[in-house]
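My structure is below; once you've seen it, I'll send some questions.
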Amino acid sequence: MTIEKSAVAGTLESSDAMVTVEPSKNGIELELSSSVMNQYGRQIKAVVLETLDRLEVKNCKVTVVDKGALDCTIKARVECAVFRSCDKADKNIPWGGAVR
Amino acid sequence: MIPRPRPQRFRLRRTMMFMNAQKPGLIKDAYIYGCDSIMLDLEDAVAENQKDSARFSLYHALKTIDYGDTEVIVRINGLDTPHWQEDIRVCVAGGADGIRIAKCESAQDVKTVEAAVLEAEKEFGVEIGRTLLMAALESPKGILNAYEICSASDRMFGVAISGGDFRRCMQTKFQPDGVDMLAARGHMLVAARAAGIQCFDTVFTDLDNDEGFMAELMQNKAMGFDGKSLINPKQIRPVHELFAPTEKEVIWAKKVVAAYREQSAAGVGVFTVDGKMIDIAFIPGAERTLKLAKACGMDDGGLV
């Protein structure tokens, strides 16, 4: 998928993460801040990159503000932000396909 | 990926707790509260501009979190919204046990949802017929059509009244003695029993009014409800305690079931237990008591 415009998903509540995606031409640029950076920073980063890879996003500036979200929540927020950036978040989501 | 066991159409459902599917902090450990079912909400709890996000959150929760024996139902958006079809796709793809149809008013509403569920089961390779349905009756028309709704599909396991919308339609508000919804509750119960499905009462929203909550629960139990919708974990325990059978009822039910098995094996249809006449009509009630007793930890469940 191609990031066509900036989009945000998630909140700053505990156990959640706020993910912003923006168009870019320089591959994947990830900016991460987390309340559990020392313990889980690497894991969160891996989940974000894997999710973008599965969605075939090649170029994207992604900003993640994590408040202790589980992997499943990080995935959900990244996916939602990407689909929103393409105006495709409302229907015909490939559940079990690229979203899994 | 957590493979959920095939949902049971009829199981114990004393407590059904609502949770906003959009809030990870709520849904990640909802099974610890010990309610019989959780109701992940895509409808009123989720703001209009977060419906998409709630579905992603729901999908991964369903696929990742092990809810164990807790049943997982999803409340989808009404059929008059642009959201319900995608809601159904995500529920089926994620493997939810059942779907709650909001604002249900006719058998046709159930059939419309059923058709979309079937289509989604085919699309996602889910066992046909796995996904159960229940309906929420929220309007006078829904209540009047309760029987056709209850009997509209083999997937239907229950029906629930939704107090907020119903009271508004009826130009009334909450009354401590329940007179505001007495006729509607009664009518819905009769319809559900006639169709052979379960029946659930509405939420009690005043969390500080313990006395009022207990009074409503006692009325629910006396009227014959199977369970109640809840909005807070603190409401679970009182329901389980009140809906538990008494020691005396359990002993009686055990005697009846044991005697029935013995007598029917010997070819006897009607007999007495402690001087009271018993025949096959008493057995389902006694078995239900024993199932409740087992769920409440009062009995080993050897007979059910």
Side-chain angles (χ1 to χ4, degrees), chain A residues 1 5-21 34-36 40 43-44 47-48 50-52 54-55 57 62 64-100, chain B residues 1-3 19-30 40 42 45-67 74 76-77 81-96 116-117 119-126 131:
Chain A
M1 294 172 84
K5 60 175 184 189
S6 302
V8 188
T11 71
L12 296 176
E13 288 172 28
S14 174
S15 303
D16 204 347
M18 187 180 263
V19 175
T20 310
V21 295
S34 172
S35 54
V36 287
Y40 295 108
Q43 169 71 10
I44 296 166
V47 170
V48 173
E50 271 168 31
T51 308
L52 290 172
R54 206 161 36 235
L55 297 173
V57 175
V62 53
V64 178
V65 183
D66 169 64
K67 297 289 177 187
L70 296 178
D71 288 2
C72 58
T73 303
I74 309 258
K75 267 198 251 180
R77 297 319 188 198
V78 171
E79 288 161 352
C80 184
V82 170
F83 278 84
R84 279 178 173 178
S85 86
C86 308
D87 281 327
K88 285 182 181 158
D90 289 327
K91 54 173 185 267
N92 296 321
I93 305 296
W95 306 116
V99 173
R100 63 172 189 269
Chain B
M1 294 277 169
I2 303 296
M19 309 221 159
N20 184 344
Q22 159 72 356
K23 295 216 181 263
L26 288 179
I27 61 179
K28 70 176 162 56
D29 45 17
L40 299 173
L42 293 173
V46 179
E48 189 63 24
N49 63 0
Q50 299 298 325
K51 299 289 188 192
D52 53 350
S53 174
R55 283 187 212 109
F56 285 96
S57 165
L58 172 71
Y59 179 77
H60 288 293
L62 288 172
K63 283 291 187 193
T64 316
I65 298 169
D66 185 357
Y67 288 101
V74 180
I76 63 167
N77 287 283
T81 69
H83 308 301
W84 66 274
Q85 280 121 325
E86 193 63 22
D87 289 349
I88 289 175
R89 286 183 77 241
V90 72
C91 290
V92 173
V117 167
E119 203 177 307
E121 285 174 342
K122 289 178 185 160
E123 179 184 353
F124 296 109
V126 171
T131 317

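Just so we're clear, the structure is a prediction, and the values are computed from it rather than from any experiment.
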Q.
Given 3.5 Å as the limit, does a donor-acceptor pair link the side chain of Ser53(B) with the main chain of Gln50(B), or not?
A.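 Here the side-chain-to-backbone pair does not exist.
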Q: Look at the side chain of Asp16(A) and the backbone N and O of Thr11(A), then say whether any donor-acceptor pair between them is shorter than 3.5 Å.
A: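 Looks like yes, one N/O pair under 3.5 Å.
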Q | Region of Asn49(B) that comes under 4.5 Å of a non-hydrogen atom in chain A | A | backbone
Q: Would you confirm whether Arg54(A), through its side chain, and Thr51(A), through its main-chain N or O, come within 3.5 Å as a donor-acceptor pair?
A: no
Q. Which of the residues Gln22(B), Glu123(B), Lys23(B) is involved in the greatest number of heavy-atom pairs with chain A at under 4.5 angstrom?
A.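 The residue among Gln22(B), Glu123(B), Lys23(B) with the greatest pair count is Gln22(B).
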Q) Do you know which of Pro24(B), Gly125(B), Ala61(B), Gly25(B) has the most heavy-atom pairs under 4.5 Å to chain A? A) Pro24(B)
Q | Contact check, side chains of Ile27(B) and Ser57(B), non-hydrogen atoms, under 4.5 Å | A | yes
Q) So which of Lys67(A), Glu13(A), Arg84(A) has the biggest tally of heavy-atom pairs under 4.5 Å with chain B? A) Arg84(A)
**Q.** Leu70(A) versus chain B, the contacting section by heavy-atom distance below 4.5 Å
**A.**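 For Leu70(A), the side chain is the part near chain B, not the backbone.
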Q) Do Val90(B) and Ile93(A) have side-chain heavy atoms sitting under 4.5 Å apart? A)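 Contact flag for Val90(B)/Ile93(A) side chains = no.
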Q.
Keeping Asp66(A) on the side-chain end and Ala69(A) on the backbone end, is there a donor-acceptor pair under 3.5 Å?
A.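 Yes: the side chain of Asp66(A) pairs with the backbone of Ala69(A).
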Q: Name the member of Cys72(A), Gly96(A), Gly10(A) that forms the most heavy-atom pairs with chain B at distances under 4.5 Å.
A: Cys72(A)
Q) Which bit of Glu79(A) comes within less than 4.5 Å of chain B, counting heavy atoms only: side chain, backbone, both or neither? A)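 Both parts, backbone and side chain.
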